[in-house]
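Following: one structure in structure tokens, then a few remarks.
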Amino acid sequence: MSLPNDNSVTGTIATGRPYVGRFAPSPTGPLHLGSLFAALVSLLDARKHAGRWLLRIEDIDPPREVAGATDAILKSLESHALLWDGNLTFQRDSTDRFLNAIEQLRQADHLFYCDCARKSLLAARSLNAYPGTCRHKRLDSGALRVRVYDTIIEFHDRWQGAQKANLGDRPGDFVIRRRDLLFAYQLAVIVDDHASGVTDVVRGIDLIDSTPRQIHLQALLKYEHPRYGHFPVLTDREGSKLSKQTGSTPIDDADASANLERCLNLLGMPLASTLRGAPCTEIVDWAIEHYEPCSLLKSKSPFMVAT
Ligand code: GLU
């Protein structure tokens with residue numbers, strides 16, 4: 001499908017398919033409280049909808065990977081009784097799928113190569129608003145970008161409501177494969193979500209700006225759009241998002257029940273005293289029963305936690 005200049009794409013249709021959710025951590029470090037919260041919310045939402053909850057390790061960026069992170073993440077999820085359905089998957093096994101998607105986009109003439117150095121885009125303040133520099137150069141190597149023109153993307157976020165973005169303004173033509181041949185997150189995530197039949201993407205609000213790009217790619221590839229729900233992220237006292245890369249304190253699996261309790265408090269679901277310190281399976285079962293996509297999730301402002 002080609003998108004003319006003023007095309008408008010509306011994403012997030014009600015899928016009508018049985019719910020399939022997922023948690024998709026990058027192995028850039030062990031889980032911290034914020035990523036545990038993300039895992040818990042996406043699991044509760046899936047289970048509440050009698051859905052499946054898949055686990056995918058997004059290991060598409062080996063230079064950023066931290067040795068042992070995948071094992072630590074799996075161990076933490078298991079220790080907190082956040083148990084996924086089906087086989088654990090790794091994006092490193094999806095290369096053929098990514099290449100096929102690129103080929104489909106190339107054949108429909110949506111792609112071009114770009115040899116702009118990151119530094120020069122930064123200097124020209126166009127890292128997040130690509131000015132189309134290489135769009136008509138017909139280069140045969142470099143980073144692969146998707147043309148976007150003035151593409152308006154609208155979608156309904158389950159918690160953040162109506163969203164609208166003009167991809168032409170920001171970020172402009174965007175990268176789906178880097179010049180070092182690594183696949184970009186924007187492409188990898190939608191190809192793998194599609195391949196595993198994900199109907200519901202539930203993740204932190206820090207990723208909401210990526211969603212229009214992902215909806216655009218889904219439209220170009222003729223994929224069904226999932227529903228999206230972005231919830232507030234956890235920050236430290238200074239207001240910075242907890243993040244694996246910036247070395248937020250890893251959760252201690254030995255305190256698993258207490259960690260779950262902290263996350264549930266943030267969700268407005270304080271544990272009954274009889275459940276304090278109970279095995280995680282009991283806490284998670286209780287949480288599934290009592291979870292409502294509650295009003296706290298509608299907040300755009302982050303939850304602040306002490307680290
Ligand atoms: N891999 C991403 C991360 O760890 C999450 C991607 C997603 O949920 O779409 O932040």
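Indexing begins at 1, ligand by ligand and atom by atom, following the structure's order. These numbers come from the heavy atoms of this one structure, side chains and all, not from hydrogens, waters or symmetry mates.
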Which residue owns the protein heavy atom closest to [atom], what's the atom, and how far is it?
| atom | result |
| --- | --- |
| atom 6 (C) of ligand 1 | E58 OE1, 3.3 Å |
| atom 5 (C) of ligand 1 | A24 O, 3.3 Å |
| atom 3 (C) of ligand 1 | S26 OG, 3.6 Å |

At less than 4.0 angstrom from any non-hydrogen atom of [X], what atoms of ligand 1 do you find?
| X | result |
| --- | --- |
| V189 | 9 (O) |
| R203 | 7 (C), 8 (O), 9 (O) |
| P25 | 4 (O) |
| Y185 | 6 (C), 7 (C), 9 (O) |
| R22 | 7 (C), 8 (O), 9 (O) |

For residues [X] and [Y], is any side-chain donor paired with an opposing acceptor at under 3.5 Å?
| X | Y | answer |
| --- | --- | --- |
| D45 | Y291 | yes |
| H230 | Q160 | no |
| R145 | T133 | no |
| H80 | N259 | yes |

For ligand 1, the portion of V201 having any non-hydrogen atom under 4.0 Å away: neither
Shortest non-hydrogen contact between I283 and S257, atoms and distance: CD1-CB, 3.8 Å
Salt bridge (charged side-chain N to carboxylate O under 4.0 Å, His left out) involving D96 - partner list, sequence neighbours excluded: none
Hydrophobic cluster membership, Y113 vs V175, 4.5 Å side-chain cutoff: no
